[in-house]
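Read through the structure below, which is laid out as structure tokens, and then see the notes.
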Amino acid sequence: MATLKVLIVDDEVIIRNGLSTVINWADNGFTVLAPAASAEEALKRIPAEMPDIIFTDIRMTGLSGLDMAREVKQQYPEIEIIVISGYDEFSYAQQAMREGVSDYLLKTSRPGEIIEAAVQARERLLLQKLNQAKQEEQEKVVNRGFLRRLLASGKPLDDSASNELWERYPELCLESMGSTLQIWILSVYPLEEKGELTIGEQHSVLGTELTEEVGGAWLEWHGSLLLLKRTEPNREWDRVASAIRNIESKHGCQIMAACGQPVSSVQELHIALSTALEASSYEWLLHSEQIIRYEEIKGRHGIRTVCSIEEETKLSSLLRSGQSSELQTWIADLLRRIRSQSQATPASVQSYLHSLIVSAQRWLIRSATSIGYTSPVTVEETYDIRELTKTPEKVLMESLGVIMKQYHDMVSTTSPVQRAISFIHEHLGQSLSLQQVAKHVHMNPNYFSEMFKKETGQNYIEFVTQAKLQKAMNLLRETPAKISEIANEIGYEDIKYFNRLFKKWTGQTPSEYRANPEFCPSMD
């Protein structure tokens with residue numbers, strides 16, 4: 001506690017000056033104000049000087065010390081009052097206690113006794129302030145619990161809930177024309193170590209400082225800090241932004257803030273929350289913006305939610321290469337392109353990135369099948385899909401890195417022919433010669449041709465043709481791509497030749513197969 005202020009009130013100049021100067025107040029942690037010569041003078045000075053402890057005589061010209069004590073206690077109940085009188089009468093002491101006086105001393109008391117009375121008064125004040133602070137904090141905790149339950153319901157408030165909100169948070173009342181309520185979601189990222197404070201304690205410190213500067217109410221909300229405040233017209237959000245910057249500077253942290261749609265009725269509080277949460281979900285997409293406003297993102301339509309064939313092909317090539325650094329570069333470039341798209345939304349980004357991971361998982365399963373890998377291939381998702389819009393680079397690298405490792409573990413246990421088969425399937429759009437494939441698996445072409453026929457039961461040309469046409473059948477069945485596009489996808493630029501070859505092997509033209517794929521005999 002800071003140094004306490006002491007006011008001495010006595011109409012005898014010798015007494016008041018003696019009490020002020022004889023006793024060593026400063027060494028005991030007290031500051032003595034200029035003494036007052038009457039109760040009337042003291043009552044005039046108290047509002048401006050606000051003493052913590054008053055020493056007063058009882059009998060004085062004008063108002064008595066007890067009359068003054070009564071008025072002081074009515075207006076400032078926290079002030080400690082100690083009577084120091086020349087009358088040792090029990091009746092005076094009784095009356096003094098009734099008026100809220102804490103102690104009763106005689107003017108014949110030694111300086112040590114007077115200091116001791118002041119020290120005891122200080123201890124009472126300290127205990128009183130501690131109890132008051134504890135009670136106020138308990139009330140704030142209860143109020144925050146009420147506000148959390150109210151917001152978590154996601155429903156419009158009824159009259160009873162509205163009235164209770166105003167009772168607990170009168171500073172939120174919409175009193176003036178144009179006033180609105182607005183919710184802010186703040187994500188706090190420490191830049192410096194601040195002792196051993198927990199996340200909850202950090203939020204408590206920052207929330208308290210923020211509401212002291214801009215008003216409103218705060219509470220923790222799923223790892224973030226939620227601020228609910230009344231706003232006035234004329235860019236009120238600038239005031240909050242300034243307060244956030246001040247807190248960042250003071251505490252060495254970074255705060256990403258998002259504000260929802262202002263609402264003019266407490267019944268629309270659920271709208272204020274949902275729009276604030278929507279704005280905060282753009283934190284990764286709009287990482288360069290320290291404040292994200294719902295009005296700025298509400299019109300976005302999203303990006304495509306499925307990766308393209310070209311992207312699948314590039315991704316499978318990267319996974320097959322086993323080069324983590326190249327995969328990381330590709331992911332970083334991909335995410336930069338996504339961030340640059342003005343219509344990107346968290347939901348569409350999540351779906352798009354999820355489609356990339358699913359594509360990689362399917363590629364791994366197809367690769368295992370193509371090389372005759374006998375062990376089961378597991379492609380379980382080990383991440384929370386919501387993290388794709390919060391830490392996408394981390395999730396993509398971890399998920400795709402696992403698939404990359406699984407693939408290389410898989411091919412390392414397979415024969416050269418099986419590795420060749422995998423290579424063929426991954427390059428069906430190219431005209432790979434037997435010599436090229438043999439070179440890829442480090443084998444003599446003639447020996448490779450013999451081994452290939454022995455393990456597959458087909459010669460090289462037959463196997464490649466069947467693999468190309470099987471892929472064409474899959475594309476005809478699963479995609480709306482044009483037949484010419486599918487032919488090019490598997491390395492046939494001459495559409496007429498492709499049609500003849502397809503019918504020779506399947507008994508149907510590509511168009512007939514697309515219309516009735518179930519009537520085509522298996523090529524296996």
Side-chain angles (χ1 to χ4, degrees), residues 284 303-339 344 346-430 432 437 440-442 467-468 470-471 474-475 477-479 489-490:
W284 176 81
I303 59 174
R304 60 185 169 91
T305 57
V306 179
C307 61
S308 66
I309 293 177
E310 292 77 11
E311 289 165 337
E312 288 186 355
T313 302
K314 178 61 177 178
L315 178 57
S316 63
S317 174
L318 288 167
L319 295 173
R320 187 173 56 254
S321 73
Q323 299 297 317
S324 295
S325 59
E326 292 183 9
L327 177 63
Q328 187 169 18
T329 299
W330 182 77
I331 289 173
D333 184 59
L334 175 73
L335 296 180
R336 278 195 296 271
R337 293 199 305 271
I338 289 174
R339 275 176 162 163
S348 61
V349 170
Q350 176 179 294
S351 297
Y352 170 74
L353 296 181
H354 183 62
S355 77
L356 277 176
I357 296 175
V358 170
S359 170
Q361 293 170 341
R362 291 174 177 169
W363 168 81
L364 181 66
I365 294 172
R366 290 196 304 270
S367 297
T369 302
S370 70
I371 62 176
Y373 190 69
T374 55
S375 299
V377 178
T378 58
V379 289
E380 295 180 3
E381 293 181 356
T382 58
Y383 61 93
D384 185 339
I385 192 171
R386 293 171 296 184
E387 293 301 311
L388 279 171
T389 54
K390 296 178 180 178
T391 56
E393 186 165 10
K394 177 176 179 290
V395 174
L396 288 175
M397 274 304 300
E398 289 179 354
S399 300
L400 298 178
V402 167
I403 294 173
M404 177 184 283
K405 183 178 184 304
Q406 285 180 289
Y407 174 77
H408 283 275
D409 289 345
M410 183 173 67
V411 298
S412 66
T413 62
T414 58
S415 71
V417 171
Q418 289 174 322
R419 293 198 299 274
I421 290 172
S422 177
F423 184 69
I424 291 167
H425 278 282
E426 290 160 2
H427 295 81
L428 290 176
Q430 303 174 24
L432 289 176
V437 177
H440 176 74
V441 294
H442 309 290
K468 285 176 177 284
Q470 186 63 59
K471 183 174 182 180
N474 293 338
L475 293 173
R477 186 172 58 248
E478 298 172 2
T479 74
E489 178 69 19
I490 59 172

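The figures that follow rest on heavy atoms only: side chains count, while hydrogens, waters and symmetry mates do not. Sequence positions, counted from 1, serve as the residue numbers for this chain.
Between the CE atom of Met404 and the CG atom of Leu327 there is a distance of 4.5 Å, given to the nearest 0.5 Å. Atom CG of residue Asn474 and atom CZ of residue Arg366 lie 8.5 Å apart, to the nearest 0.5 angstrom. Note that CG of Leu353 is 12.5 Å distant from CD of Glu387, once rounded to the nearest 0.5 Å. Between Leu334 atom CG and Tyr352 atom OH the span is 4.5 Å, to the nearest 0.5 Å. We find the CD1-CG distance between Ile490 and Leu428 to be 8.0 Å, quoted to the nearest 0.5 Å. Distance check: Gln361 CD to Ile403 CD1 gives 5.0 Å after rounding to the nearest 0.5 Å.
Pairs of residues two or more places apart, or lying in two chains, that qualify as salt bridge (Lys or Arg N to Asp or Glu O under 4.0 Å) and include a residue from residues 307-322 are Arg304-Glu311, Arg320-Glu426.
With Ser348 contributing its side chain and Ala344 its backbone, the two residues share no donor-acceptor pair below 3.5 Å. Judged by distance alone, with hydrogens and angles left aside, the side-chain atoms of Glu478 form no donor-acceptor pair with the main-chain N or O of Leu475 at under 3.5 Å. Listed for the Ser355 side chain is a donor-acceptor partner under 3.5 Å among the backbone atoms of Cys307. Remark: side-chain polar atoms of Ser321 are paired, donor with acceptor, to backbone N or O of Leu318 under 3.5 angstrom. Remark: side-chain polar atoms of Thr391 are not paired, donor with acceptor, to backbone N or O of Lys394 under 3.5 angstrom. Side-chain atoms of Ser351 do not come within 3.5 Å of backbone N or O of Thr305 as any donor-acceptor pair. At least one donor-acceptor pair under 3.5 Å links the side chain of Ser316 to the backbone N or O of Thr313.
A 4.5 Å side-chain heavy-atom check between Ile365 and Arg362 finds every atom pair outside the cut-off. Proximity of Ser422 to Tyr407: side-chain heavy atoms (C-beta onward) are separated by under 4.5 Å at one or more points.
Annotation for Arg337: atom CZ counts as buried by contact number, over 12 foreign heavy atoms lying within 6.0 Å. Surrounding NZ of Lys471 are more than 12 heavy atoms belonging to other residues, nucleotides or ligands, all under 6.0 Å away.
Minimum interatomic distance between Thr389 and Trp284 (heavy atoms only, all atoms of both residues): O-CB, 3.2 Å. Among all heavy-atom pairs drawn from Ile385 and Gln350, the shortest one is O-OE1, 3.6 Å. The two atoms that bring Leu319 and Leu400 nearest to each other are CD2-O, 3.5 Å, heavy atoms only. When all heavy atoms of Glu393 and Ala332 are compared, the closest pair comes out as OE2-CB, 4.1 Å.
Using cut-offs of 30° and 60° on the angle between ring planes, the pair His440 and Phe423 is parallel.
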